[in-house]
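To find a chain, count down the sequence lines: A is the first, B the second, and so on, and within it residues start at 1.
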Amino acid sequence: MSKKAELLSLRKEILNDEFSFLNPPQREAVFSNDGPLLILAGAGSGKTTTVISKIGYLIRYGNAYNSQEIDFTDDDGEFLKECLANKKMRDGERYFRLMSPSPVDAYNILAITFTNKAAGEMRERLEKQYGIDSGKLWALTFHSFCVRILRRFCDRLGYNRNFTIYDDTDSHRVIESLIKKYRLTERYNAKTVARIISTAKSRNTSADEYSGENDIEKIYRDYQAELKAANAFDFDDLIFMTVRLLSLDEDVKSIVNNRFRYILVDEYQDTNPIQERLISLLAPSGRICVVGDDDQSIYRFMGAQVENILNFEKRFRNAKTVRLEQNYRSTQTILDAANAVIKNNEDRKGKNLWTDAGEGEKISVCHLQSQSEEGDFICRAITERKEKEGLRNNDFCVLYRTNAQSGAIEHALRLHGISYRVFGGLPFFKRKEVQDILAYMNVICNPNDRTRLLRIINEPKRGIGDTTIEKINSICDKTGRSFFDITAHADSYAELQRSAEKLKDFAGIINELTEKSERMRPSELCSEIISSIHYEYELKKQYETNEAISRIENVRELINSIAGYEEAEENPTLLGYLEQTALVSATDSLDENEPAVTLMTMHCAKGLEFNTVFITGFEEGLFPSSISLLETGGVEEERRLCYVAITRAKKKLFITNVASRMIFGSARPAIPSRFLKEIPEELIEETETRRPERPAQRRTKPLSERPLLTNSVTVMPGSKAPTKKYRTGQRVRHKVFGDGVITGVTEMSSDSMLEVEFETVGKKKLMANYANLKEIL
DNA sequence: TAGAGAACGATTTTT
DNA sequence: TCGTTCTCTA
């Protein structure tokens, strides 16, 4: 063996040792960087660890494992041998000269995920384990990556860089008004049209290129024109426009390609065609690594194409595939069940999960009579396992197919006094009162944002109705002036005589706030908005006490949320905050340590794990859903969902179904899900059997048991569950308002309202649960 | 223009 | 059943 070959092989040995905490396929995935790489990562197979290690390897060692390049002198062999024997030697200039001929700069790596949570975790782990600066290495979601590109280059598409982002509620509003404008309400609803437009964009089809029904073509074009005029992008546009930019503007493309030399994409099975297109444009070099699991593709209804992962090797030439099949999460029993179920699908790459963790407990399947029994059973099982296994509430998760199922389970948990939190439902940032205030903030940033302007022009009620708005719209069309401009000068238009005063008042409020926004922190501006429109007073007027309290809490929580943003961000701006809120989701806020049982849909649970998992409503028509039975490939998609649900469990899985389920108010008989038969009998123990048939009872919940507001128990970002006891005279510290003394405590339904006299900002009212006050001396 | 009552329609939702 | 949107009337 030549000297060089010897050194290269020593180098490999050292690298294998450096990454010996990984299993062989994981290491192969880390070391393979010569061309496109597909990592097929089964549930719980250490996917994130592998990706993090890969990035760490690239930055520390470049592609050294497969590189022939080595700069050595005579006695380097001895040195490497010492390094192999002694970990402490692996540092310093000489070591890296031999071990890392061409390291990759963090600046040249781009890691893309779907959720903020995943991106955040990645940034955190890179920072912690490899000291990688998250300002240098972009680990972002598809959408936030595109926002960054667009903020820099969107002027080339004719947009202004302070654009706002429309969520689907905003899109709906625009589409709805267009449907009304063309008098098509009989034929279309906004939801369907929004879906069609979204699908078109996800297929890289612009409004001009789109061909379909005339009316839809018209609406799509107008919708796009409206967004452009409002200087806004919808979610699909963020990606669609970035793709346009990269494919049409060579200059931008080369800037972007020059920066990002290595691309990593997580959850590749969930990409849609336009995202795949984006990835191709980003990785012309072929230095791309995608990670995913075709068996966990559960977002087809959102446009995801499993084909992207199935055809990866065709799409990217010379691609290599590595399978991660060793599972570090679950027992063999749980994995056997998951494998057995997913085996019934045809369109898949094929994988078989295994573990050396041992067989574990059997899967408990329980047939129950009604939903209330189902809930009751879950509570008893939780209590029993808490006692026997020493588990805590946060070790448990209850999964269901539809959000509507949560009610009965919540009811049971309340009766048993088990604390819980529900994910999904209406997320915090989608709530009406929160959206209203955010709309004010959006308008202040971007007065062209007509959709938000329309939302707040009569919110709270100012006596500005549809007729007035119609009139302003037609003046817009005639004069070409902006909606806000006309509102502000309403008295110059004869047709607006009657409402001119009200319109000018409104414009005055906005102008004043806009002016203030220049010298106020976003959180201050937010409370300024709330007080200048007397919003809390309006809420009290509009809703009954409990609901008004809850909505006021939400509005105040919004201020807290902004304050939190200001604290976390080096350079907080209003626009930055709005961008963040536009791109957050419910599960982003999951705090694993909070002592509560988790309730969520199976979709929401992807990527999470719990000691004990309950899969409820295992019934035909519900799971698989009756609608899925009609769609081609629908059952396969549901089966993948089942696979995802089963593999969330680490130690113990419960599956429940009922004989009679309330659907839309009436009790309907249910039969066990077909997926149950796909789980081998020897993995199952049936712990409870159905009682003899008896007529379904009508239950009307007493008022006191009903939740005050739907989702009132949903844990919101930043909030902390346990209510601390506060008393007057106590000194406290608030992260924005500073130090103060409690001057009043008013107990409310589930929280208490505190009056605090702050040293610097004076008297404030805060909700105890959300204010996050620290006790001080 | 606002509010009350009728009619409708209803999986899943990373951003 | 329940929550949102539509339509009518004061």
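Residue ring and nucleobase are stacked for A/F301 and B/dT12, with a centre distance beneath 5.5 angstrom and an angle between planes beneath 30°.
Which of B/dT11, B/dT14, B/dT13 sits closest to the side chain of A/F114 comes down to B/dT14. The nucleotide whose nearest atom lies closest to any side-chain atom of A/F664 is, among B/dT13, B/dT12, C/dT1, C/dT1. For A/K180, counting side-chain heavy atoms from C-beta on, the closest listed nucleotide (B/dT13, C/dC6, B/dT11) is C/dC6. Of the candidate nucleotides C/dC6, B/dT13, B/dT11, B/dT13 has the atom nearest to the side chain of A/C604.
Stem analysis of DNA chain C (Watson-Crick or G-U pairs, both distances under 3.5 Å, runs of at least three) returns B:1-10 with C:1-10.
Residue contacts shown for A/E638 include a base, since a base heavy atom lies under 4.0 Å away. When heavy atoms are screened at a 4.0 angstrom cut-off, A/E631 is found touching base atoms of the nucleic acid.
Distances shown here put a side-chain N or O of A/T601 below 4.0 Å from the OP1 or OP2 atom of B/dT13. Contact annotation: A/N403 does not reach the phosphate of B/dT11 (side-chain N/O to OP1 or OP2, under 4.0 Å).
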Would you tabulate the nitrogen or oxygen pairs shorter than 3.5 Å linking the protein to nucleotides 1-6 of chain B?
from  : atom 1 : to     : atom 2 : distance (Å)
B/dT1 : OP1    : A/G465 : N      : 2.5
B/dT1 : OP1    : A/T468 : OG1    : 2.8
B/dT1 : OP2    : A/D466 : N      : 3.3
B/dT1 : OP2    : A/T467 : N      : 3.1
B/dT1 : OP2    : A/T467 : OG1    : 2.5
B/dA2 : OP1    : A/G463 : N      : 3.2
B/dA2 : OP2    : A/N458 : ND2    : 3.1

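For the pair A/R639 and A/F675, the cation-pi test (distance below 6.0 Å, angle within 45°) is failed.
Distance check, rounded to the nearest 0.5 Å: CZ of A/R173 to OH of A/Y166 gives 10.5 Å.
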